[in-house]
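In what follows, a single structure is set out as structure tokens and then discussed.
Residue indices begin at 1 and follow the sequence shown. When a ligand or atom number is given, it counts from 1 through the structure's own listing order.
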Amino acid sequence: MDIKTISTTPFEGQKPGTSGLRKKVTEFQQAHYLENFVQSIFNSIDDYKEKTLVVGGDGRFYNLPAIQTIIRMAAANGIGKVIVGQNGLLSTPAVSCLIRKNQAVGGIILSASHNPGGPTGDFGIKYNIKNGGPAPEYLTNEIYKHTQKISDYLIVDTPDIDLATQEKYWLDDMAVVVIDPVSDYAGLMEHLFDFDLIKAMFDAGLFHMCFDAMHAVTGPYAFEILEERLGALLGTVINGVPLPDFGGGHPDPNLTYAHELVEIMNSTNAPDFGAASDGDGDRNMIFGKRFFVTPSDSLAIIAANAKHVPGYRNGLIGVARSMPTSQAIDRVAETLGIECYETPTGWKFFGNLLDSKKINLCGEESFGNGSDHIREKDGVWAVLFWLNIIAARRQSVEQIVREHWATYGRNYYTRHDYEDLEPAIADEIMTTLDARIRELKGKRIGKQTIVVSDDFSYTDPVDFSITEHQGIRICLDDGSRLIFRLSGTGTEGATLRIYIESYEPDPAKHNENPQTVLAPLINAANELSGILKRTGRGAPTVIT
Ligand code: VG1
Ligand code: CO
């Protein structure tokens with residue numbers, strides 16, 4: 001096989017963000033752009049020769065050409081075997097599952113997750129390590145360093161591999177195995193959840209659900225698991241065919257972008273249960289009949305009900321949440337007598353806690369939760385967790401949530417996103433806030449006093465690595481919090497996220513609209529950030 005060494009020069013800005021490198025498709029289409037990043041991955045890891053690499057993506061535009069390039073570069077760099085999903089499809093959780101199952105050296109995921117796709121949309125690439133999880137900070141930093149000094153990359157000159165058929169091919173010494181993207185993952189789910197119990201609930205014909213795959217990667221997974229194996233009615237899965245441009249939609253399962261599901265779930269004939277997933281299948285949105293479940297509540301409820309699920313019957317050993325995620329799960333952990341860790345935003349920070357068995361459940365406010373079954377957040381897994389709880393408790397989503405609030409109190413929560421801001425102005429907002437954190441301590445917001453005001457910094461309890469500047473945190477003496485941080489996943493302008501939370505123990509006050517309850521804190525946050533004055537924006541782009 002003819003291995004070619006191609007000369008190249010570095011591109012600026014190939015620095016992975018919260019989850020991989022995300023850029024406009026057009027940027028990725030520049031000659032050598034993808035190749036530079038992929039070679040920098042190989043240059044940053046050891047001991048990959050003759051090992052297995054898992055490769056797949058969420059089906060967005062440029063997925064297939066990128067996979068062909070990665071296969072050629074893997075062969076040239078001495079990988080032993082590439083496992084790739086049929087038609088180039090693999091959800092992020094499925095990649096994690098396959099890395100672990102095949103003891104692969106790692107995996108490359110082609111996705112910009114919830115960002116829009118298509119020729120003018122976004123593309124992304126991320127590297128997962130051998131535990132199946134996202135590359136930790138030291139490795140993404142290392143990859144970035146290599147992108148800044150790269151001078152050549154290795155590639156072989158071979159025709160495209162036919163990814164449409166499940167087949168084993170050879171590129172000289174390297175095997176390329178095209179597999180069914182769903183079956184290993186579905187097998188793992190069957191092992192964790194009580195499929196018989198859930199199937200019996202569907203078979204009885206009284207329980208209906210709608211799953212919106214948003215024309216992204218979870219379609220094939222949902223068809224197989226929900227409709228085939230669990231017997232949900234045909235038609236349960238909507239927008240189930242992955243499309244390169246996600247049908248023109250924005251595959252972000254929130255109240256704004258998953259409006260089709262939101263309308264169905266808020267209609268008079270709403271099904272009992274609704275869910276949606278994002279581009280790469282690691283996020284989930286949970287709905288009951290005309291009843292939205294806040295992701296932070298979903299995490300707490302999953303934790304509180306883990307005993308109903310076979311894979312978690314032995315109990316939770318510890319839990320974790322990202323810093324901006326509401327403190328609802330902290331209360332569950334306290335009742336269970338287990339530790340609750342607080343990490344920076346991004347799944348990579350859960351890896352060490354999961355590997356060292358300090359926790360077996362974790363999640364983020366951004367519609368993501370997961371467990372030690374893999375090392376990524378997992379959308380379909382969360383949906384199955386809810387189905388298992390509903391089938392075991394024989395209650396509606398709303399009843400389950402209300403009982404949870406009655407037991408633990410309600411953490412009112414909202415996130416306001418201001419998208420596509422002028423980056424310099426967004427930076428200025430953060431620096432001004434940062435400059436004020438000392439002075440704010442002891443001040444009052446309404447009747448409450450600010451007890452913590454800092455720039456969140458995290459020391460990993462396993463490897464003691466320190467990650468700083470993870471968001472401005474303002475905590476009040478009644479448990480309320482205001483949090484400000486900039487997104488690390490966007491490709492256009494800057495996104496400011498403001499997270500607001502308060503705690504209400506009194507069940508008589510659990511039926512309010514979060515926006516109303518939180519209004520005084522929202523106003524305080526708006527004032528502190530000077531958002532209107534600095535950006536002219538009178539309202540956020542997305543409210544969750
Ligand atoms: C966002 C979320 C974060 C999540 C990340 C990747 O990051 O806030 O919780 O881990 O997306 O999710 P940021 O930096 O934009 O706030 V996904 O589904 O894009 O892999
Ligand atoms: Co995602």
Quiz item: Can you find an N or O of Ala112 that's nearer than 3.5 Å to an N or O of ligand 1?
Solution: no

Self-check item: ligand 1 N/O within reach of Arg485 N/O, cut-off under 3.5 Å
Solution: yes

Do we see a donor-acceptor contact under 3.5 Å between the side chains of [X] and [Y]?
X	Y	answer
Asn411	Glu501	yes
Asn254	Thr544	no
Asn360	Ser371	no
His146	Gln14	no
Gln29	Tyr33	no
Asp378	His373	yes
Thr294	Ser296	no

Provide the number and element of each atom of ligand 1 under 4.0 Å from a heavy atom of [X].
X	result
Arg497	8 (O), 13 (P), 15 (O), 16 (O)
Asp278	18 (O)
Gly488	13 (P), 14 (O), 15 (O)
Ser113	17 (V), 18 (O), 19 (O), 20 (O)
Thr18	5 (C), 7 (O), 13 (P), 14 (O)

What protein heavy atom sits nearest [atom], and how far away is it?
atom	result
atom 1 (C) of ligand 1	Arg283 NH2, 3.6 Å
atom 10 (O) of ligand 1	Glu364 OE1, 2.7 Å
atom 6 (C) of ligand 1	Lys377 NZ, 3.5 Å

Quiz prompt | Given Asp282, Asp280, Ile108, Leu90, the one that forms side chain to side chain contact (heavy atoms under 4.5 Å, CB included) with Val95 | solution = Leu90

Quiz prompt | Option with minimal heavy-atom separation from atom 7 (O) of ligand 1, where the choices are Asp282, Asp58, Thr489, Thr325 | solution = Thr489

Quiz item: How about Lys24: does its NZ atom have over 12 heavy atoms from other parts shown lying under 6.0 Å from it?
Solution: yes

Practice problem: Check the surroundings of atom CD in Gln30: do more than 12 heavy atoms from other residues, nucleotides or ligands lie under 6.0 Å from it? | Solution: yes

Mind checking whether [X] contacts ligand 1 via backbone (N, CA, C, O), side chain (CB onward), both or neither, at a 4.0 Å heavy-atom cut-off?
X	value
Thr495	neither
Arg22	side chain
Thr345	side chain
Ser366	side chain

Practice problem: Would you give the angle at the Co ion (ligand 2) between Asp280 atom OD1 and Asp278 atom OD2, to the nearest 10°? | Solution: 90°

Practice problem: Answer yes or no as to whether an N/O/S atom of Ser113 is found below 2.8 Å from the Co ion (ligand 2). | Solution: yes

Self-check item: N/O/S atom name from Asp282 that is nearest to the position of the Co ion (ligand 2)
Solution: OD1

Quiz item: Do you know which of Arg473, Arg485, Arg481, His416 makes side-chain hydrogen bond (donor to acceptor under 3.5 Å, both in side chains) with Tyr499?
Solution: Arg485

Quiz prompt | Evaluation steps, side-chain contact (heavy atoms from CB on, under 4.5 Å), between Phe28 and Leu21 | solution = CA-CA 10 Å; Phe28 266 102; Leu21 178 71; 3.9 Å; yes

Quiz item: Hey, does Gly346 sit under 4.0 Å from ligand 1 if you only count heavy atoms?
Solution: yes

